[in-house]
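Quick notes on the structure that follows.
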Amino acid sequence: MTTATTPEQETGAAVECVGVQKSFDGTPVLRSVDLAVEHGQVLCLIGPSGSGKSTFLRCLNHLERIDGGLLRVAGEMVGYREHKGRLHELRQHEIARRRADIGMVFQSFNLFPHMTVLENIVEAPMSVRGIKRSAAEEDARRLLDKVGLAGREGAYPRMLSGGQQQRVAIARALAMHPKIMLFDEPTSALDPELVGEVLAVMKELAAEGMTMIVVTHELGFAREVADTVVFMDGGYIVEQGAPAELFANPQTERCRDFLSKVL
Ligand code: ADP
Ligand code: MG
């Protein structure tokens, strides 16, 4: 039996990549990435510096344009829409709408320094989603409580530790009620004693069923939380599997070598 599906249709996977390619000035950075992430799954992406991990996340979040292949997030194509059997490039407002469904947390927190914690969190729901201030603030307070920062809504980012700032950044991303959360080395900029509090929030999110893609060197977190670990090198997915399996029994020299340096 054949089923007619259009690329716009909600599919089974939260993220679907087929043959995704991306070059910068003729240098391939993603060579042909095939990947599927199911709803509610946590995927940890590991690999050496320069292997294309951040570029991959940026493509998922419409921050980079892919040169080839097909990318679908939350059932919607990245970069294109289909109309009468033909692909059309997305317009800016369409990109903005699709990006609103994707939460992203960066290594460097990226909070607005001149805004309070509360303003940081309510800004996008109000301006992008058109939520009323009272409702946005109520949701922000709930989220601050969730990330262990109840009562800090009036603080400015500079008054907070790195771990607290990153938890605000997570609350800010969640305030858009995203369908998927992307994390790009969320604990790499933190002092070691602050890493745990951020990972604990992420672990709770995972337990609640959030679909997550996490670039991380925290292999303990990956082992405990990830459904799948993907090892990337040189713009390719070299290996993927369940964490226990991949960590205990890497199939390639490159993955073995990487794990021996990080573990
Ligand atoms: P990773 O996150 O795994 O460390 P990146 O995705 O940041 O890797 O980078 C992969 C490669 O792409 C690197 O060689 C990097 O220099 C290059 N690169 C990333 N972004 C750009 C860009 N905007 N312009 C040119 N080269 C880039
Ligand atoms: Mg990176």
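One-based numbering, in listed order, for ligands and for the atoms of each. For the numbers below, each heavy atom of this structure counts, side chains included, while hydrogens, waters and symmetry mates do not.
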Quiz prompt | Which of the ligand 1 atoms, numbered from 1, are nearer than 4.0 Å to a heavy atom of Pro48 | solution = 3 (O)

Self-check item: Gly235 to ligand 1, any heavy atom closer than 4.0 Å
Solution: no

Quiz item: For Gly52 and ligand 1, does the shortest N/O to N/O distance drop below 3.5 Å?
Solution: yes

Quiz item: Looking only at side chains, do Asn110 and Ser108 share a donor and an acceptor under 3.5 Å apart?
Solution: yes

Quiz item: Is there a side-chain contact between Leu174 and Met181 (heavy atoms, below 4.5 Å)?
Solution: yes

Quiz item: Do ligand 1 and Lys53 have nitrogen or oxygen atoms that lie under 3.5 Å from each other?
Solution: yes

Practice problem: Enumerate the atoms of ligand 1 whose separation from the nearest heavy atom of Ser51 is less than 4.0 angstrom. | Solution: 1 (P), 3 (O), 8 (O)

Quiz item: Are any of the side-chain heavy atoms of Leu57 and Ile213 separated by less than 4.5 Å?
Solution: yes

Exercise. Would you check if Ile237 and Leu35 make a side-chain contact, meaning some heavy-atom pair closer than 4.5 Å?
Key: yes

Quiz item: Under the 3.5 angstrom rule, does the side chain of Arg167 hit a backbone N or O of Val198 as a donor-acceptor pair?
Solution: no

Self-check item: Which residue and heavy atom of the protein sit nearest atom 23 (N) of ligand 1, plus the separation
Solution: Phe24 CE2, 3.5 Å

Quiz item: Is the NZ or CZ atom of Lys261 positioned over Phe258's six-membered ring, under 6.0 angstrom from the centre and within 45° of the axis?
Solution: no

Practice problem: Please confirm whether the backbone N or O of Arg158 pairs with a side-chain atom of Gln165, one donor and one acceptor, at under 3.5 Å? | Solution: no

Quiz prompt | Pairing of Arg142 and Asp139 as salt bridge, 4.0 angstrom limit | solution = yes

Exercise. Run the contact test for Gly47 against ligand 1 with a 4.0 Å cut-off on heavy atoms, strictly below, and give the result.
Key: no

Quiz item: Which residues and atoms, counting only protein N, O or S, are under 2.8 Å from the Mg ion (ligand 2)?
Solution: Ser54 OG

Practice problem: Can you sort out which atoms of ligand 1 are near Ser54, meaning under 4.0 Å from one of its heavy atoms? | Solution: 1 (P), 2 (O), 6 (O), 7 (O)

Quiz prompt | Backbone or side-chain N or O of Val29 under 3.5 Å from ligand 1 N or O | solution = no

Quiz item: With a 4.5 Å limit on heavy-atom distance, are the side chains of Phe24 and Glu64 in contact?
Solution: yes

Quiz item: Using 4.0 Å as the upper bound for N to carboxylate O, is an ion pair formed by Glu89 and Arg81?
Solution: no

Quiz item: For atom 4 (O) of ligand 1, which protein heavy atom lies nearest, and how many Å away is it?
Solution: Gly50 N, 2.7 Å

Self-check item: Per-atom contacts of ligand 1 with Thr55, taking only distances under 4.0 Å to non-hydrogen atoms
Solution: 5 (P), 6 (O), 9 (O), 19 (C)

Quiz item: Less than 4.5 Å apart, any side-chain heavy atom of Asp184 and any of Gln107?
Solution: no

Self-check item: Exercise check, heavy-atom protein proximity under 4.0 Å to atom 16 (O) of ligand 1
Solution: no

Quiz item: Do Glu218 and Cys44 have side chains that get closer than 4.5 Å, going by heavy atoms?
Solution: no

Self-check item: Protein contact for atom 21 (C) of ligand 1 (heavy atom, distance under 4.0 Å)
Solution: yes

